[in-house]
Amino acid sequence: MSVTQTTSSREAEVLDAVHGKLFIGGEWIDGEQGTIEVRDPATGEVIKEIANGSVEDGVRALDAAVAAQDAWARTPARVRGEILRKAFDLLQERKEEFALLMTMEMGKPLAEARGEVAYGGEFLRWFSEEAVRIDGRYSMTPEGTGQMIVTHRPVGPCFLITPWNFPLAMATRKLGPALAAGCTAVVKPATLTPLTTLAIVALLEEAGLPKGVVNVITTKSTGALSERLLADPRLRKVSFTGSTPVGVQLLKQAADNVLKSSMELGGNAPFVVFEDADLDKAVEGALLAKFRNIGQACTAANRFIVHESVADEFSRRIGEAVKAMKIGRGTEEGVQIGPLVEDKAVDNAVRLVESAVGDGATLVTGGKAIEGPGSFFEPTVLDGVTADMAVSIEEIFGPVVAIQRFSTEEDAVRLANATEYGLVGYVFTEDTKRGQRMIDLIDTGMMGLNVGVVSNAAGPFGGVKQSGLGREGGAEGIHEYLETKYTLMPNPFA
């Protein structure tokens, strides 16, 4: 593996274009608590220093969002939509710069970063179109005693907390519907990958977004900032993507002010391969479902539940494909596996693999941290995994395939549902009726039936059980940022 140690002039140019400050009330300002170092996980080198905001900075950001709320809510939906569409167009013009920026701060291969630009941009375009489709109802009561009017209005200032693994798409997936609905926002990007969010907000500013509508706070004091803003009665919604334990804590804090809440939390996705599956499709789908974003996705397949009659062949094919994967810095030609986001992620992958092997699993390939600069871990395949192993219970968040075996359809469903999470499941079968049964029997908010990637801006993204509350994307997504109001008037014909 060869890792480039120095940033190129093109990389330096992209980094220099990113504002390293807080964005409050339409102004880029310094933070009150010094700076945050942003590192390239492929080299460990600091690539930029940005502002470290304080809790007080966060309150000022909320002040700006509150001040801008009424005017933004009254802004015609067509105008709001056109600003989002302008931002989408600008993003397409600069897609290479954004892809390179993501690769530098997060580590994903450049080809995948380009895919995220395309995917994340679609939320701007989709919700630019949804802004003008916020409708209501007008009807007579069933008894004929009055006329009912049902309308929708923006919930108000929002606190949007985004994760490090998809720094562009998670920002646009929250900002798109919030802005389309007429809400203002305070955005808190992940400390590990804040640069892309800062660049997206600068793009929105360029597209004509009024001052104060979106504000960005980068800070190391995430817990203190969240607690303070969620306690402020002027805040009306929180949207968070991240771990279930943090989401639970935020829900507890949000309860005091009865905040509207959207939570996209942890996952432990089953990937079920039945005996009648097309193995070519299943292997292709497995590689996408597991190794997209280096396995660092809440939608990543975590538990490969494979019928005993095809498990040996599936394991062999996956092992051969994984052995051939090129590892390196995401900017290098042909790289398929970049670094994990930080050394702690590598340590976690090592722990899970060693624990599984110690408990009787077979190591087919990989399984080790890679020495040298950067946070690299070999893509790994484990076979003979059982449901009681830590690698089956915990969310791996790394490039590890863990294969379990089953004998009956009932076993497959039981194993798939044996988790407190329920974000997404994947099923491969050529039996149409069986596929239809799995839609109802596997307890997840989303399913990929003979496909390895389900995310799409037009689809409602979200889970059940401890994987979260609410939906992002689709026609459903904008309603997470709207309140419903019912008005009754006398029957004018009575």
Side-chain angles (χ1 to χ4, degrees), residues 1-4 40-43 99-100 102-104 106-116 165-166 269 271 273 279-297 299-304 306 311-343 345-354 356-357 361-383 385 391 395-403 426 428 448 451-453:
M1 182 191 70
S2 171
V3 175
T4 303
D40 180 343
T43 65
L100 180 56
M102 271 191 288
T103 293
M104 284 190 288
M106 187 266 156
K108 68 184 69 185
L110 196 54
E112 288 197 25
R114 292 187 180 109
E116 183 174 342
N165 55 343
F166 290 94
F271 188 103
V273 181
L279 276 190
D280 291 336
K281 292 179 183 177
V283 169
E284 180 184 3
L287 294 173
L288 287 170
K290 176 75 266 184
F291 294 103
R292 176 174 174 249
N293 216 46
I294 325 161
Q296 299 173 120
T299 54
N302 213 58
R303 297 167 296 137
F304 289 80
V306 185
D312 286 344
E313 180 66 7
F314 180 83
S315 178
R316 183 187 67 78
R317 292 195 195 186
I318 290 288
E320 289 177 355
V322 168
K323 286 178 184 177
M325 287 179 170
K326 182 178 179 180
I327 307 168
R329 189 170 188 250
T331 52
E332 296 176 10
E333 187 70 26
V335 164
Q336 297 163 284
I337 300 293
L340 297 185
V341 72
E342 59 179 340
D343 288 345
V346 175
D347 294 341
N348 186 60
V350 170
R351 175 183 64 83
L352 290 172
V353 170
E354 289 182 348
V357 172
T362 300
L363 181 63
V364 176
T365 187
K368 298 189 299 295
I370 297 174
E371 294 184 4
S375 303
F376 289 89
F377 182 79
E378 293 177 333
T380 299
V381 178
L382 295 167
D383 201 349
V385 172
V391 75
E395 188 173 17
I396 299 171
F397 241 65
V400 179
V401 174
I403 300 173
Y426 304 91
F428 279 75
V451 298
V453 176

Q: Using atom types as modelled and distance alone, determine if a side-chain donor or acceptor of N165 lies under 3.5 Å from a backbone N or O of N293.
A: no
Q.
Run R316 and E313 through salt bridge (charged side-chain N to carboxylate O under 4.0 Å, His left out) and show every step you take.
A. CA-CA 5 Å; R316 183 187 67 78; E313 180 66 7; 2.6 Å; yes
Q. Is there side-chain contact between V346 and P339, with heavy atoms separated by less than 4.5 Å?
A. no
Q: Mind checking the CE-CD spacing from M106 to Q296? Nearest 0.5 Å is all I need.
A: 4.5 Å
Q: Enter the distance from M104:CE to T43:OG1 here, rounded to the nearest 0.5 Å.
A: 11.0 Å
Q: From the options L287, V335, T365, select the one residue that forms a side chain to side chain contact (heavy atoms under 4.5 Å, CB included) with M325.
A: L287
Q) For V385 and I403, what are the C-alpha separation, side-chain angles and deciding distance, and is it a side-chain contact (heavy atoms from CB on, under 4.5 Å)? A) CA-CA 6 Å; V385 172; I403 300 173; 5.7 Å; no
Q: Could you list the residues that satisfy side chain to side chain contact (heavy atoms under 4.5 Å, CB included) with A289, not counting sequence neighbours?
A: F271, A301, Y426
(Q) Which residues pass the salt bridge (charged side-chain N to carboxylate O under 4.0 Å, His left out) test with R351, not counting sequence neighbours? (A) E394
**Q.** Pairs touching residues 280-289 that satisfy side chain to side chain donor-acceptor pair (under 3.5 Å), sequence neighbours left out
**A.** D280-R317
**Q.** Criterion side chain to side chain contact (heavy atoms under 4.5 Å, CB included) against L382, the qualifying member of V401, T362, V357
**A.** V357
Q. What closest approach, in Å, do G295 and A300 show between heavy atoms, and which atom pair accounts for it?
A. O-CB, 3.7 Å
Q. Which atom pair, heavy atoms only, marks the closest approach of A42 to F376?
A. O-CE1, 3.4 Å
Q: Drop me the distance from L110's CG to L100's CG, to the nearest 0.5 angstrom.
A: 6.5 Å
Q: Please examine the side chains of F377 and I337, heavy atoms only from C-beta on, and report whether any two atoms are closer than 4.5 Å.
A: no
Q: Write down the atom of S315, the atom of V364, and the distance for their closest heavy-atom approach.
A: OG-CG2, 3.8 Å
Q | Shortest non-hydrogen contact between E342 and S375, atoms and distance | A | C-OG, 3.3 Å
Q | Which residues share a salt bridge (charged side-chain N to carboxylate O under 4.0 Å, His left out) with K368, sequence neighbours left out | A | E378
Q: Applying salt bridge (charged side-chain N to carboxylate O under 4.0 Å, His left out), name anything that partners D343, two or more places apart in sequence or on another chain.
A: none
**Q.** T380 side chain vs G367 backbone, donor-acceptor pair below 3.5 Å
**A.** yes
Q) How far does CD of Q336 sit from CD1 of I294, to the nearest 0.5 angstrom? A) 11.5 Å
Q. Sequence neighbours excluded, which residues qualify as side-chain hydrogen bond (donor to acceptor under 3.5 Å, both in side chains) partners of E116?
A. K108
Q. Do L279 and V273 come close enough that some side-chain heavy atom pair is under 4.5 Å?
A. yes
Q | Criterion side-chain contact (heavy atoms from CB on, under 4.5 Å) on V391 and V353, from CA distance to verdict | A | CA-CA 7 Å; V391 75; V353 170; 5.9 Å; no
Q | Chi angles and distances behind the side-chain contact (heavy atoms from CB on, under 4.5 Å) call for V451, L288 | A | CA-CA 9 Å; V451 298; L288 287 170; over 6 Å; no
Q | Note, F314 side chain near V283 side chain (heavy atom, < 4.5 Å) | A | yes
Q: Decide yes or no for T299 and R292: does some side-chain heavy atom of the first lie under 4.5 Å from some side-chain heavy atom of the second?
A: yes
**Q.** L340 versus P399, closest heavy-atom pair with distance
**A.** CD2-CD, 3.8 Å
**Q.** Atom of A113, atom of A99 and distance for their closest heavy-atom approach
**A.** CB-O, 3.3 Å
Q) Step by step, would you call K290 with I396 a side-chain contact (heavy atoms from CB on, under 4.5 Å)? A) CA-CA 10 Å; K290 176 75 266 184; I396 299 171; 4.2 Å; yes
